[in-house]
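Here's the structure, in structure tokens; my notes come after.
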Amino acid sequence: MQEPFSMAIRTRFAPSPTGFLHVGGARTALFCWLQARKEAGTFILRIEDTDLERSTEASVEAILQGMAWLGLQEDEGPYYQSQRFERYTEVLEQLRSQGLAYPCTCSKERLEALRAEQMAAGLKPRYDGRCRDREVLDEGVAPVMRFRNPTDGEVVFHDQVRGPVRFANEELDDLVIARPDGSPTYNFCVVVDDMDMEISLVIRGDDHINNTPRQINIYHALGATPPDFAHVPMILGEDGARLSKRHGAVSVLQYRELGYLPHALLNYLVRLGWSHGDQEVFTREEMIELFDIEAVNRKAAAFDHEKLKWLNQHWMKTLPPEEVAVELQPQLERLGLDPAQGPPLEDLISVQAERVQTLVELVEASRWCFEDFEDFDVGAAKKHLRPVAAEPLQALRERLQALDDWTPEALDVAVKAVVAELEIGFGKLAQPLRVALTGAGMSPSIDQTLWLVGKGRSLERMERALAFIAARAAQA
RNA sequence: GUCCCCAUCGUCUAGAGGCCUAGGACCCCAGCCUUUCACGCUGGUAACGGGGGUUCGAAUCCCCCUGGGGACGCCA
């Protein structure tokens with residue numbers, strides 16, 4: 001429990017670099033970050049790479065990149081457990097000298113057999129403590145170190161999302177805290193680190209809830225006060241099953257590639273398991289102000305891409321275009337278009353954002369702004385590039401040629417003037433023009449389309465469409 | 001198998017005994033707007049898993065069942 005005079009909170013996000021940063025981890029990181037920001041505390045990033053076998057440099061990079069992309073900036077770190085082995089060894093010695101840890105030479109085979117036996121007998125598999133008080137250990141076997149867990153009583157703690165939690169020590173066993181080569185294991189390192197780094201609130205996935213009583217016992221053995229805990233529920237796949245590689249994009253960086261805005265993902269994630277009345281849309285500032293870890297649900301939530309898309313569109317429309325452009329530019333390049341060959345990205349975003357849900361869709365719906373199209377869409381050309389369209393197109397082309405003020409407003413006036421002059425319906429000019437400019441029958445409003453294509457290119461493309469109509473007429 | 005947790009529309013959620021003929025959002029459907037595509041607007045379909053209690057009264061409290069999830073590593 002927090003003392004009234006205690007210092008500002010310190011939270012940490014502690015991923016293990018055995019893969020990329022997935023959405024579940026990202027949400028945990030977000031919650032840690034938000035709670036720290038909200039209480040003017042400190043957010044710490046720690047890489048849990050004690051398992052040297054499975055940790056990779058590439059994963060560390062991916063996690064750091066993911067965090068950076070989301071804008072979850074740490075105040076301290078990143079710390080690496082692999083660089084703290086000396087400290088763990090020191091604490092290990094301390095425990096051992098106090099008799100709170102002991103060496104164990106039980107073979108993996110024996111342990112496996114024991115487990116199988118217990119399961120068969122309808123019991124919960126636990127270490128039976130054979131080496132706990134043994135004077136003489138087996139020869140020639142490098143021992144692991146086990147923590148001497150209390151055998152009776154119970155561990156009680158108040159979880160900020162789960163409420164009161166209690167575990168009987170009888171359910172626990174003497175866990176391994178160091179491998180035969182002396183390298184420490186997770187449950188031990190976490191405690192030493194959280195203690196040394198003075199973490200005051202541990203926010204993590206609820207798959208760790210069962211580790212908590214063991215860790216609390218280690219805190220006590222070390223004479224330290226455990227931090228507060230908050231175990232947040234997991235995120236499920238769209239089918240309600242546990243999220244895995246099978247459910248499509250799981251890495252945060254894959255969402256970037258799919259064309260999502262980091263803020264849209266954050267907004268989506270913050271609403272998973274947490275809410276503030278009926279509010280769906282949150283700015284960064286609102287999240288910080290309104291978020292409260294104690295208001296988080298206890299129920300696992302399924303990930304819904306449709307809602308993410310809706311939020312993504314919302315933020316593409318809402319965020320300052322310059323900000324969206326930062327994400328759009330690399331997408332254009334990645335998809336083979338040269339940003340220099342098209343309109344200013346801010347202009348493009350301002351007209352296209354409401355027509356697409358991702359940046360990838362935005363790029364695909366805007367190719368005509370950056371490069372000439374090969375052929376007219378057959379259906380659209382057949383329907384709209386007919387002889388009857390020649391006169392309006394020609395009339396507009398002449399008018400536009402003389403137009404210097406190439407703005408949506410002026411273009412709209414020009415188009416309407418031609419329509420009025422020829423006494424035709426707006427669509428009689430707009431649709432053929434649309435096909436002429438983009439090659440297809442779908443695009444933003446016609447004035448905006450002209451605007452984005454630009455004067456030189458618009459005149460060229462109208463000329464091309466006129467030639468197409470003429471050729472077609474000659475053929476008939 | 002053992003221990004722990006969870007349970008409101010398809011999905012995310014509001015709801016902390018009467019304000020609930022259960023609200024919002026995404027999705028879906030219909031209409032309006034309209035030069036295409038969209039946006040927007042209006043309306044609609046759709047839920048308290050089941051059974052027992054407690055209470056004048058339960059989505060809200062208790063129990064059982066069912067269903068889902070997690071944990072049980074010399075992984076984190």
Side-chain angles (χ1 to χ4, degrees), chain A residues 14-19 48-51 53-55 81 104 106-108 111-112 115 118-127 142-146 162 165-168 170-173 175-181 183-187 189-190 204-211 213 231 233-234 236 238 240-242 268 271-281 297-311 313 317 351-357 365 380 383-384 415-416 419 425-435 438 440-447 449:
Chain A
S16 66
T18 53
E48 310 226 316
D49 53 354
T50 51
D51 186 352
E53 299 273 309
R54 302 206 293 175
S55 300
Q81 292 189 323
C104 166
C106 291
S107 68
K108 288 191 177 183
L111 264 18
E112 267 169 41
R115 237 193 307 278
Q118 291 169 324
M119 292 267 262
L123 299 170
K124 182 175 183 173
R126 314 159 51 236
Y127 176 59
V144 298
M145 291 297 292
R146 285 185 184 273
R162 295 285 199 103
V165 178
R166 53 206 312 155
F167 276 90
E170 277 189 333
E171 292 293 328
L172 276 25
D173 63 359
L175 69 155
V176 172
I177 56 179
R179 304 182 178 91
D181 65 358
S183 64
T185 62
Y186 169 75
N187 279 104
C189 297
V190 189
R204 63 193 356 174
D206 69 7
D207 47 336
H208 284 289
I209 191 97
N210 291 275
N211 288 325
H231 289 94
M234 322 226 64
L236 274 23
E238 312 230 29
R242 189 176 186 174
Y268 177 73
R271 277 287 286 101
L272 226 44
W274 174 81
S275 63
H276 181 258
D278 289 338
Q279 189 169 346
E280 298 288 349
V281 169
N297 268 347
R298 304 182 195 186
K299 192 178 115 192
F303 198 94
D304 178 9
H305 281 89
E306 291 304 321
K307 190 157 183 181
L308 206 212
K309 282 184 185 172
W310 175 77
L311 276 167
Q313 180 184 61
K317 291 190 297 185
V351 333
Q352 290 287 48
E354 66 183 26
R355 325 188 119 74
V356 295
Q357 295 193 296
K383 190 169 177 190
H384 300 296
V415 174
K416 284 181 175 152
V419 167
F426 195 91
K428 291 277 185 276
L429 172 54
Q431 278 310 96
L433 179 56
R434 194 182 310 281
V435 179
T438 70
M442 286 190 294
S443 84
S445 68
I446 206 64
D447 51 331
T449 301

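In what follows, every heavy atom counts, from backbone to side chain, and hydrogens, waters and symmetry copies are set aside. Chain identifiers are assigned alphabetically (A, B, ...) following the order of the sequence lines, protein sequences preceding nucleic acid strands; residue numbering begins at 1 within each chain.
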For A:K428, answer base if it contacts any base atom (sugar-phosphate contacts may also be present), sugar-phosphate if it contacts only those atoms, and nothing otherwise; contact means non-hydrogen atoms under 4.0 Å.
nothing
Has A:N211 got a side-chain N or O lying under 4.0 Å from the OP1 or OP2 atom of B:rA71?
no
Using a heavy-atom cut-off of under 4.0 Å over every strand shown, decide if A:S445 touches base, sugar-phosphate, or nothing.
base
Just call it for A:V144: base, sugar-phosphate, or nothing, with non-hydrogen atoms closer than 4.0 Å on any strand.
base
Between A:R146 and A:M119, which residue's closest nucleotide on RNA chain B lies nearer the 5′ terminus?
A:M119
Quantified in whole Å, what is the C1' atom distance between nucleotide B:rG44 and nucleotide B:rA25?
16 Å
Regarding A:E280, tell me which of base, sugar-phosphate or nothing describes its non-hydrogen contacts under 4.0 Å with the strands shown.
base
Selected nucleotide, minimal atom distance to A:P125 side chain, candidates B:rC72, B:rC74, B:rA76
B:rC72
Could you measure the distance from the NE2 atom of A:H305 to the NZ atom of A:K309? Nearest 0.5 Å is fine.
8.0 Å
Contact under 4.0 Å: A:K299 side-chain N or O vs B:rU8 OP1/OP2
yes
Where do A:Q431 and A:R434 land on the side-chain hydrogen bond (donor to acceptor under 3.5 Å, both in side chains) test, with the steps shown first?
CA-CA 5 Å; A:Q431 278 310 96; A:R434 194 182 310 281; 2.7 Å; yes
Does the B:rC39 base have a donor-acceptor partner in the side chain of A:R355 within less than 3.5 Å?
no
A:E306 side-chain proximity, nearest of B:rC74, B:rC26, B:rG24:
B:rC26
Sugar-phosphate, base or nothing in reach of A:G273, heavy atoms under 4.0 Å
sugar-phosphate
Classify the nucleic acid contact of A:L272 as base, sugar-phosphate or nothing, counting any heavy atom under 4.0 Å across all strands shown.
sugar-phosphate
Short side-chain N/O contact from A:K307 to OP1 or OP2 of B:rU13, under 4.0 Å
no
Which residue lies toward the 5' end of RNA chain B, A:N210 or A:Q81, if each is placed at its nearest nucleotide?
A:N210
Report which part of the nucleic acid A:G441 touches: base, sugar-phosphate, or nothing (heavy-atom distance under 4.0 Å, all strands).
base
Classify A:H208 by what it touches in the nucleic acid, base, sugar-phosphate, or nothing, heavy-atom distance under 4.0 Å.
base
Measuring from the side chain of A:R434 (C-beta onward, heavy atoms only), which nucleotide among B:rC27, B:rC26, B:rU35 has the closest atom?
B:rU35
Within a radius of less than 6.0 Å around CD of A:E170, do more than 12 heavy atoms belonging to other residues, nucleotides or ligands occur?
no
Any donor and acceptor pair, going by atom type alone, linking the side chain of A:R179 with main-chain N or O of A:P184 inside 3.5 Å?
yes
A:S275 vs B:rA14: side-chain N/O to OP1/OP2 distance below 4.0 Å
yes
Salt bridge or not between A:R54 and A:D51? Use side-chain N to carboxylate O under 4.0 Å.
yes
How far does the C1' atom of B:rG49 sit from the matching atom of B:rG10, given to the nearest Å?
15 Å
Distance, P atom - from B:rA16 to B:rA71, rounded to whole angstrom
33 Å
If I pick the C1' atom on B:rG68 and the same atom on B:rC29, what distance separates them, to the nearest angstrom?
31 Å
Once you apply a heavy-atom cut-off of 4.0 Å, does A:P233 come out as touching a base, just sugar-phosphate, or nothing?
nothing
Start with the C-alpha gap between A:S443 and A:T438, add the side-chain angles, then the distance that decides, and say whether side-chain hydrogen bond (donor to acceptor under 3.5 Å, both in side chains) holds.
CA-CA 7 Å; A:S443 84; A:T438 70; 5.0 Å; no
Using a distance-only criterion (donor-acceptor N/O pair, under 3.5 Å, no hydrogens), is the base of B:rG70 paired with the side chain of A:D206?
no
Take atom NE2 in A:H208; do more than 12 heavy atoms of anything else shown fall under 6.0 Å from it?
yes
For atom C1', what is the distance between B:rC9 and B:rU2, given to the nearest Å?
36 Å
B:rG73 and B:rG17, which share atom name P, separated by this distance in whole Å:
42 Å
B:rC3 pairs with, by Watson-Crick or G-U criteria that keep both distances under 3.5 Å
B:rG70
Could you identify the nucleotide paired to B:rA14, looking across every strand shown and requiring Watson-Crick or G-U wobble geometry with both distances under 3.5 Å?
none
Tell me what A:S443 touches on the nucleic acid: a base, only sugar-phosphate, or nothing, going by heavy atoms under 4.0 Å.
base
Roughly how far apart, to the nearest Å, are B:rU55 and B:rU11 at atom C1'?
35 Å
Is any side-chain N or O of A:R298 closer than 4.0 Å to OP1 or OP2 of B:rG70?
no
Residue matched to B:rC9 through Watson-Crick or wobble contacts both under 3.5 angstrom:
none
With P as the reference atom in both, quote the distance from B:rU60 to B:rA22 in angstrom, rounded to an integer.
15 Å
Ignoring backbone atoms, establish whether A:R115 has a side-chain N or O less than 4.0 Å from OP1 or OP2 of B:rG73.
yes
Could you state the CZ-P distance from A:R126 to B:rU2, rounded to the nearest angstrom?
15 Å
With both distances under 3.5 Å as the test, what is the Watson-Crick or G-U wobble partner of B:rC41?
B:rG31
